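This report refers to the structure that appears directly beneath it.
Note that the structure is predicted; figures quoted are calculated from it, not measured.
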Amino acid sequence: MLVVSHGSREADWVRLVDDAVAACADLMGGEVQVVSSFLELVEGRLIQDGVHVLEAEGVTDLYVLPLFVSSGSTHVDDIAQAFGMAPVSAAREGELERFKVRDGVRVQFGVPIDDDGDIAELLLRNIVELSSGERELDGEQRSGAGARVELAAAERESEQREDAGARAKLGTAKVGEPSKGAEQLPAAKHEMLAEQEGAPSEGAGAKPATAAAARRPERLLLVAHGSREAVFHGRWREGMAALAERVRELGGFAGAHSAMLLPNQAACKLRALQRRYPDDAFIVVPLFLSEGYFTRTVIPTRLAGLNYRYNGRALLPSPQIARWMERQIREWISSL
């Protein structure tokens, strides 16, 4: 089984991914060999290198799992096409050369995170300290997002234990059929998407959580990389909206919204929301695999001068990423 992620020049970024893959391998208990590989930037450990490692072990079935946050990533489409899968858009040809896979090896391509429920819980855990306190949820009084996410996680773990046998019967998700039209979104469309919920308000930058935080209605703004290409932009938007709504439901927030860095809509979207909901507090939630340039620099720079809460925490490190990978692998095994 080959886990594919983007790669980075930052050793800590690579280490976090490797640690998650190693944790997944431990969860699998040696049932399959799990190899971590990278699209670029990690010499000697690129995708083709990983294929060679598994072929040397005599694999006959190769499961490729893209460890990316969205199926709207053009990188995922490039990788899938290089393994012989159909393109997401008939108008977009992949940018990678075809990977060399030994004759007779069957390749199955998995799906990225998108709006996975375990990842919604992970995001809520990341921001729980930024939430100001108690809210009334479904007619009951709970003590903030912390109690809510702990309850959801316990329920999920219980269900997963009870359903372990049934889960083995599930099939692996398949790559979607190709769709048409990978044209670039016009600039006017970018602005319309970003501005559709309002316009500017004053702000004073990212605010850390404090015990004395005012108990105001809270809204989430999920921020991710995104894409300008129409088909891929749509996939990013749909997945982010669904994931944001999952986090909203888990935490009992007043609302949940999403914005992309590509196109550059995060600041415009946050200003618009603050105009529409002037009495609400905003928590900015980064949707990135690992902390780095985008979480530490790009998001704070883009949102400079606006009032929001933010801690820059990414998905890794977290045991839930290893459990997500394990679940995908077991579903693949059950389909063989």
Non-hydrogen side-chain atoms of [X] and [Y] separated by less than 4.5 Å:
{"X": "V247", "Y": "V285", "result": "no"}
{"X": "W236", "Y": "D114", "result": "no"}
{"X": "V88", "Y": "R235", "result": "yes"}
{"X": "M260", "Y": "H233", "result": "yes"}
{"X": "R15", "Y": "D12", "result": "yes"}
{"X": "H257", "Y": "Y277", "result": "yes"}
{"X": "L270", "Y": "Y308", "result": "yes"}
{"X": "I299", "Y": "L261", "result": "yes"}

Run the side chain to side chain contact (heavy atoms under 4.5 Å, CB included) test against A267 and tell me which residues pass, sequence neighbours left out.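 Side chain to side chain contact (heavy atoms under 4.5 Å, CB included) check on A267 returns R271, L303, L306.
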Excluding sequence neighbours, so at least two apart, what forms side chain to side chain contact (heavy atoms under 4.5 Å, CB included) with A259? L221, Q265, A266, K269
Identify whether NZ of Lys or CZ of Arg in R219 sits under 6.0 Å from the centre of the six-membered ring of F253 and within 45° of that ring's axis. no
Check the hydrophobic clustering (I, L, V, M, F, W, Y; side-chain heavy atoms under 4.5 Å; chains of links allowed) and say if [X] and [Y] are grouped together.
{"X": "M28", "Y": "L65", "value": "yes"}
{"X": "L41", "Y": "F288", "value": "no"}
{"X": "V298", "Y": "V284", "value": "yes"}
{"X": "V32", "Y": "M325", "value": "yes"}

Please evaluate residues I127 and L220 with respect to the criterion side chain to side chain contact (heavy atoms under 4.5 Å, CB included), reporting the C-alpha separation (whole Å), side-chain torsions for both, the decisive distance (0.1 Å), and the verdict. CA-CA 10 Å; I127 63 170; L220 306 177; 3.7 Å; yes
Spatial distance of atom [atom1] ([X]) from atom [atom2] ([Y]) [nearest 0.5 Å]:
{"X": "S5", "Y": "H75", "atom1": "OG", "atom2": "NE2", "result": "11.5 Å"}
{"X": "L262", "Y": "R228", "atom1": "CG", "atom2": "CZ", "result": "4.5 Å"}
{"X": "I321", "Y": "L289", "atom1": "CD1", "atom2": "CG", "result": "6.5 Å"}
{"X": "C24", "Y": "R323", "atom1": "SG", "atom2": "CZ", "result": "11.5 Å"}
{"X": "F232", "Y": "S89", "atom1": "CZ", "atom2": "OG", "result": "6.0 Å"}
{"X": "S70", "Y": "E238", "atom1": "OG", "atom2": "CD", "result": "9.5 Å"}

Looking only at heavy atoms, which two atoms of [X] and [Y] are closest? And how far apart?
{"X": "L96", "Y": "A82", "answer": "CB-CB, 3.9 Å"}
{"X": "F109", "Y": "P66", "answer": "CE2-CG, 3.9 Å"}
{"X": "T295", "Y": "G312", "answer": "CB-O, 3.7 Å"}
{"X": "M240", "Y": "S258", "answer": "CE-CB, 3.6 Å"}
{"X": "P263", "Y": "S227", "answer": "CD-O, 3.5 Å"}
{"X": "R216", "Y": "A281", "answer": "NH2-N, 3.9 Å"}

Scan the side chains in residues 47-62 for donor-acceptor partners under 3.5 Å anywhere in the protein, sequence neighbours excluded, and list what turns up.
{"unit_1": "Q48", "atom_1": "OE1", "unit_2": "K100", "atom_2": "N", "d": "2.8"}
{"unit_1": "Q48", "atom_1": "NE2", "unit_2": "K100", "atom_2": "O", "d": "2.9"}
{"unit_1": "D49", "atom_1": "OD2", "unit_2": "R45", "atom_2": "N", "d": "3.2"}
{"unit_1": "D49", "atom_1": "OD2", "unit_2": "L46", "atom_2": "N", "d": "2.8"}
{"unit_1": "E55", "atom_1": "OE2", "unit_2": "R102", "atom_2": "N", "d": "2.5"}
{"unit_1": "D61", "atom_1": "OD1", "unit_2": "R106", "atom_2": "NH2", "d": "2.9"}
{"unit_1": "D61", "atom_1": "OD2", "unit_2": "R106", "atom_2": "NE", "d": "2.8"}
{"unit_1": "D61", "atom_1": "OD2", "unit_2": "R106", "atom_2": "NH2", "d": "2.8"}

Go through F282 and Y310 one step at a time and tell me if the side chain to side chain contact (heavy atoms under 4.5 Å, CB included) criterion holds. CA-CA 9 Å; F282 284 85; Y310 179 73; over 6 Å; no
Could you tell me whether the side chain of S131 and the main chain of V128 form a donor-acceptor pair under 3.5 Å?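 Here the side-chain-to-backbone pair does not exist.
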Within the distance-only criterion (no hydrogens, no angle test), does the side chain of Q274 pair as donor or acceptor with the backbone N or O of N307 below 3.5 angstrom?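 Yes: the side chain of Q274 pairs with the backbone of N307.
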Those residues that, when tested against [X], pass side chain to side chain donor-acceptor pair (under 3.5 Å) (two or more places apart):
{"X": "R302", "value": "N264"}
{"X": "D78", "value": "R92"}
{"X": "D115", "value": "none"}
{"X": "N311", "value": "none"}

Qualifying side-chain hydrogen bond (donor to acceptor under 3.5 Å, both in side chains) pairs with a residue from residues 283-294, counting only residues at least two apart or across chains: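 Applying side-chain hydrogen bond (donor to acceptor under 3.5 Å, both in side chains) to every pair that reaches into residues 283-294, excluding sequence neighbours, yields nothing.
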What pairs of residues pass the side-chain hydrogen bond (donor to acceptor under 3.5 Å, both in side chains) test when at least one of them lies in residues 26-37, not counting sequence neighbours? D18-S36, E31-R330
With sequence neighbours left out, write down each residue that passes salt bridge (Lys or Arg N to Asp or Glu O under 4.0 Å) with E10, or none if nothing qualifies.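 E10 satisfies salt bridge (Lys or Arg N to Asp or Glu O under 4.0 Å) with R296 only.
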I would like to know whether L67 and W324 meet side chain to side chain contact (heavy atoms under 4.5 Å, CB included); could you show each step before the answer? CA-CA 10 Å; L67 185 53; W324 174 80; 3.7 Å; yes
Ionic contact status for [Y] with [X], cut-off 4.0 Å:
{"X": "E218", "Y": "R309", "result": "yes"}
{"X": "D116", "Y": "R327", "result": "yes"}
{"X": "R248", "Y": "E245", "result": "yes"}

Could you walk me through whether L222 and L243 pass the side chain to side chain contact (heavy atoms under 4.5 Å, CB included) test, one step at a time? CA-CA 9 Å; L222 193 63; L243 185 59; 4.2 Å; yes
Sequence neighbours excluded, every pair satisfying ring pair (Phe, Tyr, Trp, His ring centres under 6.0 Å) that has a member inside residues 88-107: F83-F99
Checking F68 now: which residues fulfil ring pair (Phe, Tyr, Trp, His ring centres under 6.0 Å) with it, not counting sequence neighbours?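 Checked F68 against ring pair (Phe, Tyr, Trp, His ring centres under 6.0 Å); zero matches.
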Verify whether the ring centers belonging to F294 and H225 lie closer than 6.0 Å. yes
